[in-house]
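Structure record follows, encoded as structure tokens.
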Amino acid sequence: MKNKIIIANWKMAPNSFKEARVFFRAAANYAKKTQKGAEIIVAPPFVYLEPLSKILNSEFYILNSFKLGAQDCFWEQQGAYTGEISPLMLKNLGCEYVIVGHSERRKYYNETDEIIAKKLKAVLDIGLTPILCVGENLSERKKGRHFNVVKKQLEKNLKYLTMNYGLEKAALIVAYEPIWAIGTGIFCNPKDAVEMHRFIKNILNLKFKIKNFKLLYGGSVDSKNIDGFLRQPEIDGVLVGGASIKEGGKDFIKILKIADKLL
Ligand code: 13P
């Protein structure tokens, strides 16, 4: 992971595969044309993963900086779990990354830190790279408790990785996504994000002895503010939600162009 990383989290959009195909091809064609630039990861809804993986393999097989990610997974590799998708299934589809512990899943599905810890371990066990999301809500930020909240999340979410896990080798992405910045248009000041990234880096280094990791920022990132984040050496990339599919995917191409210029 040499360059900056740009992740598109499409969330529950678009409504049809026809549209998904258009967004996906536009971004992959751009990456193919430039052949340098950021590492791009697209995380579509589960139902689009397989057909998009086929498009990636047949039309864009020469691209090694364009990857597929999933937005979630289950914590077991197989078994009778109605409605669930295992990390093993994702791996077999050609997916390389999995978002774990997104705040929307913590909020709407009551995903606890314990569930997230199990999912994170299952993703690493099968050889995929987890994108762990952490971040405080507005009241925690206002009370100045944000560092403490993120520290607790990391300690609880990474707890299965402490004993003999061999994390020197495993790759991990942590995305700092303050909840108050998600989908609100109010983004975190890049200086504050850098401060949090330094804090997270220390915890990963000192407490968990993890060396191979990247730290991203997420929360209302778009083509107008991305520059301020990518210019920070402490910020390895961004996790983009709404702007990754805005204007029929055009804003995402603008984001990629800006990232290229900064490299
Ligand atoms: P927005 O970019 O829409 O604020 O979403 C951020 C996010 O949740 C990415 O995972």
Side-chain angles (χ1 to χ4, degrees), residues 1-9 27 31 34 36-43 65-67 69 96-103 129-137 140-141 146-147 149-151 153-154 157-158 170-208 210-244 246 251-263:
M1 291 192 283
K2 160 165 84 66
N3 296 323
K4 299 274 182 180
I5 304 168
I6 316 270
I7 306 182
N9 175 9
T34 57
K36 56 175 184 87
E39 168 135 11
I40 304 159
I41 301 164
V42 175
S65 61
F66 197 94
K67 303 277 164 64
E96 294 182 40
Y97 298 83
V98 187
I99 298 174
V100 177
H102 192 282
S103 62
T129 302
I131 302 157
L132 171 67
C133 299
V134 294
E136 79 285 354
N137 65 30
E140 289 159 345
R141 160 77 51 170
H146 42 297
F147 290 111
V149 167
V150 168
K151 181 170 177 255
Q153 285 173 334
L154 288 170
N157 299 163
L158 299 174
L172 171 73
I173 296 177
V174 175
Y176 170 53
E177 294 209 306
I179 296 168
W180 48 268
I182 297 179
T184 57
I186 303 165
F187 55 93
C188 183
N189 180 320
K191 284 206 181 98
D192 293 339
V194 164
E195 211 187 342
M196 182 58 89
H197 279 212
R198 288 195 181 124
F199 178 75
I200 294 174
K201 186 176 175 186
N202 268 337
I203 295 176
L204 296 182
N205 276 332
L206 302 176
K207 183 166 170 71
F208 292 97
I210 306 175
K211 294 194 183 76
N212 190 10
F213 62 85
K214 295 280 177 185
L215 300 182
L216 313 189
Y217 166 79
S220 294
V221 173
D222 60 19
S223 59
K224 295 190 190 74
N225 61 27
I226 190 168
D227 178 280
F229 293 105
L230 293 187
R231 280 185 188 282
Q232 314 296 330
E234 291 87 351
I235 299 182
D236 298 313
V238 288
L239 181 48
V240 188
S244 66
K246 214 171 82 185
D251 208 51
F252 193 60
I253 304 295
K254 278 191 212 160
I255 286 175
L256 298 181
K257 281 187 182 157
I258 293 165
D260 277 355
K261 281 202 195 108
L262 292 173
L263 292 170

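Bear in mind that the values here come from a model prediction, so they are computed numbers and not experimental data. Computation of the quantities below employed the complete heavy-atom set of this structure, encompassing side-chain atoms and omitting hydrogens, waters and symmetry-equivalent molecules. Positions are given from 1 along the sequence.
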Going from CD1 on Ile226 to CD1 on Ile258, what distance comes out if it is rounded to the nearest 0.5 angstrom? 6.5 Å
Indicate yes or no: at least one non-hydrogen side-chain atom of Val100 is less than 4.5 angstrom from one of Asn157. no
To the closest 0.5 Å, what do you measure between CG (Leu158) and CZ (Phe213)? 11.0 Å
Going by heavy atoms in the side chains, are Leu262 and Asp227 under 4.5 Å from each other? yes
Exercise: identify the closest heavy-atom pair between Leu230 and Ala259: CD1-CB, 3.6 Å
Side chain to side chain donor-acceptor pair (under 3.5 Å) partners of Ser103, counting only residues at least two apart: none
With the side chain counted from C-beta on, respond yes when Glu96 and Thr129 share a heavy-atom pair under 4.5 Å apart, and no when they do not. no
Hey, which of His146, Arg141, Gln153 is the one that makes side-chain hydrogen bond (donor to acceptor under 3.5 Å, both in side chains) with Glu136? Arg141
If the condition is side chain to side chain contact (heavy atoms under 4.5 Å, CB included), which residues does Gln232 pass it with, not counting sequence neighbours? Pro190, Val194, Glu234, Ile235
Could you walk me through whether Ile6 and Ile255 pass side chain to side chain contact (heavy atoms under 4.5 Å, CB included), step by step? CA-CA 9 Å; Ile6 316 270; Ile255 286 175; 4.0 Å; yes
Shortest non-hydrogen contact between Ile179 and Gly135, atoms and distance: CD1-O, 3.9 Å
I would like to know whether Ser65 and Asn3 meet side chain to side chain contact (heavy atoms under 4.5 Å, CB included); could you show each step before the answer? CA-CA 9 Å; Ser65 61; Asn3 296 323; over 6 Å; no
Test item: Val240 and Asn9 side chains (from C-beta on) under 4.5 Å apart, heavy atoms: no
To the nearest 0.5 Å, what is the distance between CG (Asp222) and CG (Asn225)? 4.0 Å
Neighbour count above 12 (heavy atom, 6.0 Å) for Lys201 NZ: no
With sequence neighbours excluded, what pairs up with Asp251 under the side chain to side chain donor-acceptor pair (under 3.5 Å) test? Ser223
With rounding to the nearest 0.5 angstrom, report the SG to CD1 distance, Cys133 to Ile182. 7.0 Å
State, with a plain yes or no, whether a side-chain heavy atom of Val221 is found less than 4.5 Å away from one of Leu239. no
Please report the shortest heavy-atom distance between Ser244 and Ala8, naming the atom on each side. CB-CB, 3.5 Å
For Glu140 and Trp180, does a side-chain donor sit closer than 3.5 Å to a side-chain acceptor? no
At their closest point, which heavy atom of Asp236 faces which heavy atom of Leu216, and how far apart are they? C-CD2, 3.8 Å
Hey, does Ile210 have a side-chain heavy atom less than 4.5 Å from the side chain of Asn205? no
Over 60° means perpendicular and under 30° means parallel, so classify the ring planes of Phe229 and Tyr217, tilted if in between. parallel
Decide yes or no on side chain to side chain contact (heavy atoms under 4.5 Å, CB included) for Ile173 and Leu132, but give the supporting numbers first. CA-CA 6 Å; Ile173 296 177; Leu132 171 67; over 6 Å; no
Main-chain N/O of Phe199 paired to Asn202 side chain as donor or acceptor, under 3.5 Å: no
Ser220 and Ala181: which non-hydrogen atoms are nearest, and at how many Å? OG-O, 2.6 Å
In sequence, state the C-alpha distance, the side-chain angles, and the governing distance for His102 and Ile99, and then conclude on side chain to side chain contact (heavy atoms under 4.5 Å, CB included). CA-CA 7 Å; His102 192 282; Ile99 298 174; 4.1 Å; yes
Nearest 0.5 Å, what's the CE-CZ distance between Met196 and Phe147? 5.0 Å
Side chain to side chain, Lys67 and Ile40, heavy atoms closer than 4.5 Å: no
Working to the nearest 0.5 angstrom, can you tell me the gap between Leu154 CG and Lys207 NZ? 10.5 Å
Would you say Glu195 and Asp192 make side-chain contact, with heavy atoms under 4.5 Å? yes
For residues Phe66 and Ala31, report the shortest heavy-atom separation together with the two atoms involved. CD1-CB, 3.9 Å
